[in-house]
Amino acid sequence: EFIRKHFFSDFKPDAEPDFDPKSRLQEKAQEILKITPRYELISKEEFDSTSQRFKVGIFFASELIVAAIGASKKEAQIAAAREALKIKNW
């Protein structure tokens, strides 16, 4: 009990161990819509030499599904994929 309480308190047995929102979105979009999501850089802001922010959109064909912001393109893509999964209820 002590070990489970102190070392595994955040462990959720129902959680998927390596959930990857981008992969899940691609799988679902291809399975359900027969389309591959397209990630497009919408904007990039530079605040100084070390700080930037990227806005990435996910498109199904020509339709913008969602856009998200992150400190890197990859971070923005992951955030957008996570949000798209919620929007599509996948």
Side-chain angles (χ1 to χ4, degrees):
E1 178 66 29
F2 174 84
I3 292 174
R4 185 169 50 81
K5 183 177 177 183
H6 293 284
F7 293 99
F8 296 106
S9 61
D10 293 333
F11 178 72
K12 296 178 180 107
D14 297 340
E16 297 178 45
D18 295 319
F19 176 72
D20 174 13
K22 288 179 65 177
S23 294
R24 170 68 57 81
L25 182 64
Q26 181 168 330
E27 290 166 3
K28 289 294 191 179
Q30 289 176 340
E31 173 189 335
I32 296 167
L33 304 174
K34 310 293 187 233
I35 195 165
T36 300
R38 179 172 48 90
Y39 294 83
E40 187 174 306
L41 181 64
I42 295 173
S43 65
K44 176 183 173 185
E45 297 177 19
E46 292 190 40
F47 300 104
D48 56 40
S49 62
T50 60
S51 181
Q52 6 186 28
R53 190 166 63 179
F54 298 85
K55 185 175 185 180
V56 172
I58 295 180
F59 292 81
F60 290 169
S62 61
E63 180 186 1
L64 175 64
I65 302 303
V66 68
I69 295 171
S72 67
K73 281 192 251 184
K74 182 176 181 177
E75 188 179 292
Q77 289 172 345
I78 291 170
R82 188 173 280 118
E83 205 50 42
L85 287 166
K86 288 179 190 174
I87 288 169
K88 291 295 189 179
N89 202 25
W90 291 340

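When reading the values below, keep in mind they use all heavy atoms of this one structure, side chains included, and skip hydrogens, waters and symmetry mates.
Contact of the K28 side chain with the R24 side chain is registered, since non-hydrogen atoms from C-beta on lie closer than 4.5 Å.
Note: the hydrophobic cluster containing I42 does not contain I78 (ILVMFWY, side chain heavy atoms under 4.5 Å, direct or indirect links).
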Show me the donor-acceptor pairs, under 3.5 Å and distance only, between side chains in residues 53-71 and residues at least two apart or in other chains.
unit_1 : atom_1 : unit_2 : atom_2 : d
R53    : NH2    : E45    : OE1    : 2.9
R53    : NH2    : E45    : OE2    : 3.4

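For T50, the side chain to side chain donor-acceptor pair (under 3.5 Å) partners two or more places apart in sequence, or in a different chain, are D48. S23 pairs by the side chain to side chain donor-acceptor pair (under 3.5 Å) definition with D20, not counting sequence neighbours.
Within the structure, side chain to side chain donor-acceptor pair (under 3.5 Å) pairs that include any residue of residues 73-90 comprise K22-Q77 (at least two apart or interchain). Annotation: side chain to side chain donor-acceptor pair (under 3.5 Å) contacts involving residues 33-44, sequence neighbours excluded, comprise Q30-T36, R38-E40, K44-Q52.
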